[in-house]
There are 2 protein chains.
Amino acid sequence: MTTSKKGRTLDGDAGFLLSLAGGRLIRNLNRELESFGLRARHYTVLMATAEHGGLSQRELGELLGIDPSAVVALVDDLQREGYVRRDPHPDDRRTRLVVITDSGRDAFAKASELATKVDDEALGALDEGERAQLVQLLRRIVS
Amino acid sequence: MTTSKKGRTLDGDAGFLLSLAGGRLIRNLNRELESFGLRARHYTVLMATAEHGGLSQRELGELLGIDPSAVVALVDDLQREGYVRRDPHPDDRRTRLVVITDSGRDAFAKASELATKVDDEALGALDEGERAQLVQLLRRIVS
DNA sequence: TATTGTTATACTCTATAACTATA
DNA sequence: TATAGTTATAGAGTATAACAATA
C-alpha cells in the first residue's frame, strides 16, 4: 500500500492519548471525592490556593485553565463549605483575593490522599523515574 | 515548616497536568475542525474506523472511552455526512458494524493534517525523541 | 437471561455575552 | 475605555436507566 492517505493511528496520537488518560483520572478522582461533596475542579482550586496565598479569581482561572465565570461557582461552593474566604484586595476594590482557610487546608490534605491514591492506580504501570519523566514532559507542554 | 499537611502542588500533579494538556489539545482541534462541521470526537471515530475495519459500536466505544449511547449520536452524524456506513453483522443481527467510506477516508486524511498541526503546536516544546517518549508513557497508562 | 443498539434524560463542563462596580 | 467579578444561558460532554430486538 503506497497511497498517501495514511492518516494517523489511535496509539500514536498524543492528543487522543492525553485526553483519554486525563479523562480517566478526572472520573476516578470525582468518584473518590464524592464523599466530600467536591469534584476534581474544587480540588484543583484548593490546591492552587494552598500553594499560592491570595490569588485573584482571574489569576485562579488562568492558572487552572478555567473560565472566570466558572471560577465564581467553584469559589462559591468552597466558600459555602468554609474552605476558602474572599478577602478584599488592598489596592483594587474590584478584585477579590481567594484565601484558603484552616478548615480548607484540612480538606485539601485529605483530598490529596485520595488524589494520590487515584494517581497511583492510574500510573501503576510506570516506575518512579518514568512517572517523574512524564510529569516533566507534561509540565513543559502546559507552561 | 515540619507539619504533615503539605498536600500536593499544581506542577507535580500528573492528573491535573494530563487533563490540562488534554483539554487544550481538544479545544484547539475542535477549533480547527469547525470548518468541517466535525468535533474532536468525530475525528477519533474516523481514526478508529480507518484503522480497524468493521468495529461494532460497542467496540468503538470501548476503544475510544465513549459511552455506547454517545457513540450512537457520533455515528449518526458521520453517517449523515456519508463518512461511515452501518453494515449488518454476518452472524449477529443485533450488531451493526461501522465501516468507513472512501469519502470518510478523504475527510480523515484532511482532518489528520489539522490534527498534526494542532499537536505540533501544542508539543512544540518537545523534540522528536521526547515526543515519542511521551506517547510511549501515555500508551502504557491507558492500555 | 444477557447483550446490542437506541432513546430519553439529567447533570456537569465549557464558552459567550451582558451587566455592575470599579479602575 | 478597560478590567474584575458576576449572572444568565446555551451547547457539548458524560452517565444512567429503560426499552426493543436478538442472542
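Residue numbering restarts at 1 for every chain, and letters A, B, ... go by the order of the sequence lines.
The nearest whole Å value for the distance from the CG atom in A/Asp87 to the P atom in D/dA4 is 18 Å. Residue B/Tyr43 contributes atom OH, which lies 16 Å from atom P of D/dG13 at whole-angstrom precision. Between A/Ile26 atom CD1 and D/dG13 atom C1' there is a gap of 12 Å when expressed in whole angstrom units.
Residues satisfying the side chain to side chain donor-acceptor pair (under 3.5 Å) criterion with B/Asn28, sequence neighbours excluded, are B/Arg31. Considering only residues two or more places apart in sequence or on other chains, B/Val135 meets the side-chain contact (heavy atoms from CB on, under 4.5 Å) condition with A/Ala14, A/Leu17, B/Arg139. Residues passing the side-chain contact (heavy atoms from CB on, under 4.5 Å) test with A/Gln57, sequence neighbours excluded: A/Val71, A/Val72, A/Val75, A/Arg86, A/Val98. Residues satisfying the side-chain contact (heavy atoms from CB on, under 4.5 Å) criterion with B/Thr101, sequence neighbours excluded, are B/Arg85, B/Ser103. B/Leu64 pairs by the side-chain contact (heavy atoms from CB on, under 4.5 Å) definition with A/Leu10, A/Phe16, B/Thr44, B/Val45, B/Ala48, B/Leu60, B/Ile66, not counting sequence neighbours.
Residues B/Leu78 and B/Thr49 are not in side-chain contact: their nearest non-hydrogen atoms beyond the backbone lie 4.5 Å or more apart. Using a 4.5 Å cut-off on side-chain heavy atoms (C-beta onward), A/Tyr43 and A/Leu114 make no contact. Taking 4.5 Å as the limit, every side-chain heavy atom of A/Leu46 sits out of range of all side-chain heavy atoms of A/Ser112. With contacts defined as side-chain heavy-atom distances shorter than 4.5 Å, the pair A/His42/A/Leu33 does not qualify. A/Leu134 is listed as a side-chain neighbour of B/Leu134, based on a closest heavy-atom distance under 4.5 Å.
Shown for residues 52-60 of chain A: residues whose heavy atoms fall under 4.0 angstrom of DNA chain D, namely A/Ser56, A/Gln57, A/Arg58.
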Within the sub-3.5 Å range, which N or O atoms of nucleotides 18-23 of chain D have a protein N or O partner, and how far apart are they?
residue	atom	partner	partner atom	Å
D/dA23	OP1	B/Arg93	N	2.9

For nucleotides 7-12 of chain D, which of its nitrogen or oxygen atoms have a protein nitrogen or oxygen under 3.5 Å away, and what is each distance?
residue	atom	partner	partner atom	Å
D/dA12	O3'	B/Arg39	NH2	3.3

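Boundaries of the chain A contact region on DNA chain C are C/dT12 to C/dA23, first to last in 5' to 3' order (nucleotide atom under 4.0 Å from a heavy atom).
Each end of the helix from C/dT1-D/dA23 to C/dA23-D/dT1 gets its own axis, taken as the rotation carrying the C1' atoms of four end pairs onto the next four within a five-pair window, and the two axes meet at 0° to the nearest 10 degrees.
Applying the salt bridge (charged side-chain N to carboxylate O under 4.0 Å, His left out) test to every pair with at least one member in residues 36-65 of chain B, sequence neighbours left out, gives no pairs at all.
A/Leu55 and A/Leu97 are not part of a single hydrophobic cluster, where members link through side-chain heavy atoms under 4.5 Å apart. Linking ILVMFWY side-chain heavy atoms closer than 4.5 Å, directly or via other members, places B/Ile26 and B/Ile141 in two distinct hydrophobic clusters.
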**Report entry** Verdict with supporting geometry, B/Arg105 and B/Asp102, salt bridge (Lys or Arg N to Asp or Glu O under 4.0 Å)
**Finding:** CA-CA 5 Å; B/Arg105 284 195 190 276; B/Asp102 287 343; 5.2 Å; no
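Look at A/Arg31 and you won't find any side-chain N or O under 4.0 angstrom from OP1 or OP2 of D/dA15.
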Side-chain donor/acceptor pairs under 3.5 Å, residues 118-125 of chain A, sequence neighbours excluded:
residue	atom	partner	partner atom	Å
A/Asp119	OD2	B/Arg8	NH2	2.9
A/Asp120	OD1	A/Arg131	NH1	2.7
A/Asp120	OD1	A/Arg131	NH2	3.2

